[in-house]
Each structure stands twice: as structure tokens, then as C-alpha cells.
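Below is one structure, written out as C-alpha cells; the observations come after it.
As the structure is a prediction and not an experimental result, all values here were calculated from the model.
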Amino acid sequence: LESQKAIFYLIISAIELSAGVVANGFIVGLNCIGWAKSRALSSYEKIITSLALSRFFLQLLLSSDNFLSKIYAGFYGMIQALVSYVLIWIFINQASLCFASCLSVFYCVKIANQSLFSWLGPLKLRNAKLVPWLLLCSMLYCLVTTVSYNFFRYFNWMILSHNSTDTLRNLTKSHIKESLIQYAFLIRSLGSIFPLILFVASSILLIISLWRHIRKMKLNSDFIPSFRNPSTEACMHALESMVSFFILYNIYYVATTCSIGNMSDFSDEWKIMVSTAVSAAYPSVHSIILIIGNPKLKLASARILHLPVAASMMSKVWTSPCLSCERKDTLWSAHRT
């Protein structure tokens, strides 16, 4: 029974690894090719390229952890390997969370109805200039978080080393591993508060704005039977995309929190397996949603998969302008900015 569980777990991990590497690698590769041709990337392309790159490495890290924990059971027993893994994971995980928050803020600033959130107006005018600085500050924030973890870990070790040699002699590997996980849990939790609040606030503002706008368009169509707004479907897709983004982000956050919390108790293997499997699904699933929701990426993927009919249909659907919308800032127009 245990071997069957392990095989099933490895199959799930392999599927997640393949989907995540292909989807995120496709986003990064296509945008890099576009940059090589035009020497320019839009604000949206800069954000999703950074996000996809961080998720590419995050998917590799999470999947390699899943495989090593089953194939090489002594992986967690190697203190130095565990320290290196936690350091790399903290940096890449924080980068993924921060870039996802940047994407949510970009959507909110670009799309949110100015009549509802007038204070976002000045940000829209400086959006293109702020995005590179936003990404740079995110990287610095992730670096500070990672250095903080290493500092606290080293500080704790120095305190123990200055104590009596009996303390060091009685300090088992399990105690060292537990302290490493505890510091990782603390730093990750504290370091994720700011990007989490930023993501939740911007996502809720955007969802409210889209919901009110859709409701207003439906009221117009009810009072005026001849009124048909072609942007209603696009706004519905935008709302669905943001709701799925919001749900996946929070599921990943909760799953990683549970996985780190359960790692201190290595005997609770089933909880660790479920948490890590759910965590590894996030980098691949949402990147696939980004590809489906982006006209350029969707068209390119259809061409790569040799779907000429689907490609021509997508071109007709997604190039139609949203002329009747009160504001042209739909989620899909944000992709081109």
C-alpha cells in the first residue's frame, strides 16, 4: 500500500513538473523572443516574464523535493542540504509571491473603474515607469527576507556554540532540523505578510470594480433591449480570471504554510505529501490560465500545437475591440500595455 501511494505521488509530481516547466518556459521563451526582435517589452510582459521565470524555478524546486523525499529518503537527514534547500526555497517562493502581487496590482491599477477608485488615476499615468522599479523592489525584498533567515539561523548557531560543549553534544540532528524549519516558518510567514496584503487588497478592489461594471452593463441591456455590449463577455472572462487567481494564490499560501508547519513533525508524512502536492500545482495551473487568457500567448500556443482553425478563431475573437465599454481598460487590453 505504501509503495502504491509513493508511485501515485510521483506520477502527480511528474505531471505537475511537466505542466509547470512547459507553461512557464513557454511564457518566458515567447517574451524573450519578442524582446530580441523589438528590444522592448510592455509592462504586462515584464511582469509575467518575471513571474513565469520565478515559477519555473519554483516548480523545479518543489518537484525535485517531492521526488527526493520518496526516492532518497535520507535527503532531510543531510543538514547542509536542508539548509541550502530552505535558503533557495525562501528566495524563490518570496519572488513568486511578490511578482504575483505585482501582477494583481498592475491589473487593479490598469482596469479598476476610476469612478469607483479615483485615487488610482495618477498611478495609471505612471504605470510604465513604475513597473521596473516595482519588480526591482520585489527582488530586493526577497533578498532581504532570505538574508534575514540566514542571519537568524547563524545567530542561533553562534549562541549554541558559545554554550557548553555538552549542549552541542546533546544537540541531535532532529533538534537542528526542527530549529531550521521553525526559522523558515517564521521568516516566511513574516516576509509574506506584505505581498499577501497587497495581493488581497488589489484583487478585491478589482473584483468589486469588474462586478459592478458587469452589473451596470446588464442593467443597461435589460432596460434597453436593443443594447448589446460586446465587452460583457470580456469582462466576465476578466472576473473569472481574477477570481481563479485569487483562489489559487490563497490555496498555495495556505498549502505552503501547512507543509512547513508539518515538516517539523517528519512522522506526519501524509499531511506533508498532500501539502506539497497542492503547492506544486499552483505554479503550473495559474500559468496555464495566463496563457489561455492572453491573446498573444494563446495564439502562439495554438500555432505551436498545429491548430490553424483554432488559431484563426482566436484571432477573430480577441482582436475585436470593446467599443461599447465605458472604459477600454479591460483585462485583455491590459495585456497589450
Side-chain angles (χ1 to χ4, degrees), residues 19-59 92 95-112 120 123-142 195 198-199 202-203 206 234 237-238 241-242 244-245 248-249 282-305 311 314-315 317-322 327-337:
V21 168
V22 171
N24 291 294
F26 173 74
I27 294 173
V28 174
L30 188 66
N31 287 329
C32 287
I33 292 172
W35 176 83
K37 291 180 179 178
S38 61
R39 295 293 175 181
L41 287 176
S42 67
S43 299
Y44 172 77
E45 289 172 338
K46 290 174 184 177
I47 295 175
I48 64 166
T49 301
S50 303
L51 177 60
L53 188 62
S54 66
R55 285 178 173 174
F56 180 87
F57 291 109
L58 180 63
Q59 188 74 67
I92 297 177
S96 178
L97 293 175
C98 288
F99 291 147
S101 299
C102 291
L103 181 61
S104 180
V105 170
F106 174 81
Y107 281 156
C108 184
V109 172
K110 189 69 183 175
I111 302 164
L120 292 175
L123 291 177
K124 290 188 178 185
L125 300 176
R126 293 181 289 178
N127 196 17
K129 296 180 181 179
L130 289 176
V131 166
W133 288 105
L134 189 62
L135 296 175
L136 179 61
C137 289
S138 299
M139 289 296 295
L140 292 176
Y141 182 80
C142 299
L198 198 63
F199 173 83
S202 57
S203 297
L206 181 54
H237 281 299
S241 177
M242 280 309 304
S244 63
F245 189 15
L248 287 170
Y249 186 99
Y282 164 73
S284 56
V285 173
H286 185 251
S287 295
I288 293 173
I289 293 175
L290 285 177
I291 294 174
I292 295 173
N294 183 281
K296 178 182 174 182
L297 296 174
K298 192 172 183 179
L299 187 61
S301 62
R303 289 174 178 170
I304 292 175
L305 295 173
M314 290 174 209
S315 180
V317 171
W318 294 110
T319 54
S320 59
C322 301
R327 64 195 190 282
K328 294 182 180 179
D329 299 327
T330 61
L331 185 58
W332 317 123
S333 65
H335 293 160
R336 300 189 292 271
T337 306

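What you find for Trp35 and Ala40 is that their closest heavy atoms are CD1-N, 3.7 Å. Of all heavy-atom pairs between Ser54 and Ile92, the closest is O-CG2, 3.4 Å. Between Pro283 and Gln59, the closest heavy-atom pair is CB-OE1, 3.5 Å.
Judged purely by atom type and a 3.5 angstrom limit, Thr49 has no side-chain atom pairing as donor or acceptor with the backbone of Lys46.
Of the candidates Leu41, Ile48, Ile47, Tyr44 forms a side-chain contact (heavy atoms from CB on, under 4.5 Å) with just one, namely Ile48.
Remark: Leu30 CG to Leu299 CG distance equals 10.0 Å, nearest 0.5 Å. To the nearest 0.5 Å, the span separating CG on Leu103 from CE on Met242 amounts to 7.5 Å. Here Phe26 contributes atom CZ and Leu297 contributes atom CG; the two are 5.5 Å apart, rounded to the nearest 0.5 Å. Atom CG of Leu51 and atom CG of Leu135 lie 10.0 Å apart (nearest 0.5 Å). Note that the CZ atom of Phe199 and the SG atom of Cys108 stand 11.5 Å from one another [nearest 0.5 Å]. Summarising the geometry, atom CZ belonging to Phe245 is positioned 10.5 Å from atom CG belonging to Leu206; distances are rounded to the nearest 0.5 Å.
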Go through the steps for Phe106 and Ser43 under the test side chain to side chain contact (heavy atoms under 4.5 Å, CB included), then give the verdict. CA-CA 9 Å; Phe106 174 81; Ser43 299; 3.7 Å; yes

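Residues Cys98 and Cys142 form a side-chain contact, since some pair of their non-hydrogen atoms from C-beta on lies under 4.5 Å apart. Val109 is not listed as a side-chain neighbour of Leu130, based on a closest heavy-atom distance of 4.5 Å or more. Annotation: side chain of Pro195 is in contact with side chain of Tyr141 (closest heavy-atom distance under 4.5 Å). Residues Tyr107 and Ser241 have side chains not in contact (no heavy-atom distance under 4.5 Å, counting atoms from C-beta outward).
With sequence neighbours left out, Ser287 forms a side-chain contact (heavy atoms from CB on, under 4.5 Å) with Ala23, Asn24, Ile27, Arg55. Remark: Val21 pairs with Leu17, Phe56, Leu60 by the side-chain contact (heavy atoms from CB on, under 4.5 Å) rule, at least two apart or across chains. Taking Ser203 as the reference, Ser104 meet the side-chain hydrogen bond (donor to acceptor under 3.5 Å, both in side chains) condition, with sequence neighbours excluded. By the side-chain hydrogen bond (donor to acceptor under 3.5 Å, both in side chains) test, Ser138 is found to be paired with no residue, residues two or more places apart in sequence or in another chain being considered.
Every pair passing salt bridge (Lys or Arg N to Asp or Glu O under 4.0 Å) that includes a residue from residues 284-296 is listed here, sequence neighbours excluded: Glu45-Lys296. Screening residues 28-39 for salt bridge (Lys or Arg N to Asp or Glu O under 4.0 Å) gives no qualifying pairs among residues at least two apart or on separate chains.
Under the 30°/60° scheme for interplanar angles, the aromatic rings of Tyr282 and His286 are found to lie parallel.
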